[in-house]
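Written below as structure tokens is the structure these notes are about.
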Amino acid sequence: MLKMATWNVNSLRVRLPQVLEWLATERPDVLAIQETKLPDADFPLADIETAGYRAIYSGQKTYNGVATLMRAEPREVERDLPGLEDPQRRIVGATIGDLRVLNVYVPNGESVGSAKYQYKLEWIEQLRSYLVEQLAIHPRLIVLGDFNVAPEDRDVHDPKAWEGQVLFSGPERAAFRGLLATGLSDAFRLVNQNAGEFSWWDYRMNAFRRNLGLRIDHILVSAETARTVRTCRIERAWRQRERPSDHAPVVAEFEQ
DNA sequence: ATGGTTGCAACGCAA
């Protein structure tokens with residue numbers, strides 16, 4: 001079984017001990033991390049390598065930043081979204097074995113109608129055209145990360161209250177469906193049809209304790225890869241820990 | 001009810 005995961009860690013500096021413990025416990029083949037919030041010069045490569053992993057990363061000071069940790073040697077590494085001049089570090093891609101793996105941190109969007117919301121929609125559209133190109137080259141494609149979009153009512157604790165709000169607005173959900181329309185499937189929904197399974201809970205208002213969450217972290221797989229998905233789960237327990245990220249890891253297992 | 005919490009970095013900004 002090949003095991004791949006995504007986790008928005010909200011500062012790799014703060015969460016490094018949890019990431020190392022998580023790697024030791026789960027032993028995944030690939031872990032995609034978002035919101036590292038540190039420049040490449042400060043990336044804790046030695047700790048990652050001691051844990052038995054290689055790493056590729058694209059970071060910046062204070063905000064954003066992505067890293068992919070893996071056992072195998074990465075090839076054809078890319079750190080930019082083609083066609084978008086963007087100082088924000090939000091994507092890192094690599095070929096790992098016979099899989100093409102894209103790790104993404106989609107913009108949050110702040111609020112509907114804001115400049116950041118517009119940037120979010122443009123970023124997703126740019127990602128969509130890139131996926132069309134990538135799928136033509138790599139039939140075994142996996143796109144995983146923090147998409148900052150809850151696709152459906154069952155991915156939101158209170159869809160009526162969230163209707164029209166950022167992370168769940170119509171245009172964001174339509175943009176997300178556009179990503180799927182390139183030929184990708186949501187790995188979680190291939191194996192789990194439950195409502196009320198979330199990957200992110202706000203730090204405020206005791207949202208986790210009350211399970212006021214959204215499912216916004218996803219593992220999208222091409223048709224050829226979808227056939228091999230065996231499990232996909234959200235590891236809520238890591239959101240319950242002392243000093244947690246506001247996101248839980250999402251893990252998928254594939255038959256080799 | 002426009003709140004509240006966390007991380008970064010220095011105080012407001014982003015999420």
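No hydrogens, no waters, no symmetry mates; every other heavy atom, side chains included, goes into these values. Being a predicted model, the structure only gives us computed values, none of them experimental. By convention in this document, chain letters (A, B, ...) are assigned in the order of the sequence lines, proteins followed by strands, and residues within each chain are numbered from 1.
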For atom P, what is the distance between B/dC11 and B/dT5, given to the nearest Å?
-> 22 Å

Of B/dA9, B/dA15, B/dC8, the nucleotide closest to the side chain of A/Asn64 is B/dA15

Applying salt bridge (charged side-chain N to carboxylate O under 4.0 Å, His left out) between A/Asp42 and each of A/Lys61, A/Arg13, A/Lys37, report the one that passes.
-> A/Arg13

To the nearest Å, give me how far apart CG (A/Asp217) and P (B/dA15) are.
-> 15 Å

Options B/dC8, B/dG7, B/dA15, nucleotide nearest the side-chain atoms of A/Arg90 = B/dA15

Choose from B/dC8, B/dT6, B/dA15 the nucleotide whose nearest atom is closest to any side-chain atom of A/Ser11.
-> B/dC8

Could you check which of B/dA9, B/dA15, B/dC13 has an atom nearest any side-chain atom of A/Arg204?
-> B/dA15

Of B/dC8, B/dA15, B/dG7, the nucleotide closest to the side chain of A/Lys116 is B/dA15

When you measure from the side chain of A/Thr62, which nucleotide among B/dA15, B/dG7, B/dA9 comes out closest?
-> B/dA9

Considering only atom P, compute the distance from B/dT2 to B/dG7 and round it to an integer number of Å.
-> 26 Å

Atom pairs and distances, donor-acceptor, side-chain atoms in residues 165-177 of chain A, under 3.5 Å, two or more places apart:
from, atom 1, to, atom 2, distance (Å)
A/Ser169, OG, A/Tyr117, OH, 2.7
A/Ser169, OG, A/Glu172, OE1, 2.4
A/Glu172, OE1, A/Leu167, N, 3.2
A/Glu172, OE1, A/Ser169, N, 3.3
A/Glu172, OE2, A/Lys120, NZ, 2.5
A/Glu172, OE2, A/Leu167, N, 2.8
A/Arg173, NE, A/Phe168, O, 2.9
A/Arg173, NH2, A/Glu163, OE2, 3.0
A/Arg173, NH2, A/Phe168, O, 3.3

So, A/Thr6 versus A/Asp217: side-chain donor-acceptor pair below 3.5 Å or not?
-> no

Polar contact flag, side-chain donor to acceptor under 3.5 angstrom, A/Asn64-A/Glu35 | no

Using the P atom on both, measure B/dG3 against B/dG12 and round to a whole Å.
-> 15 Å

Could you state the atom-to-atom distance from OH of A/Tyr203 to C1' of B/dG7 in whole Å?
-> 8 Å

For DNA chain B, what residues of residues 106-115 of chain A have any heavy atom nearer than 4.0 Å?
-> A/Asn108

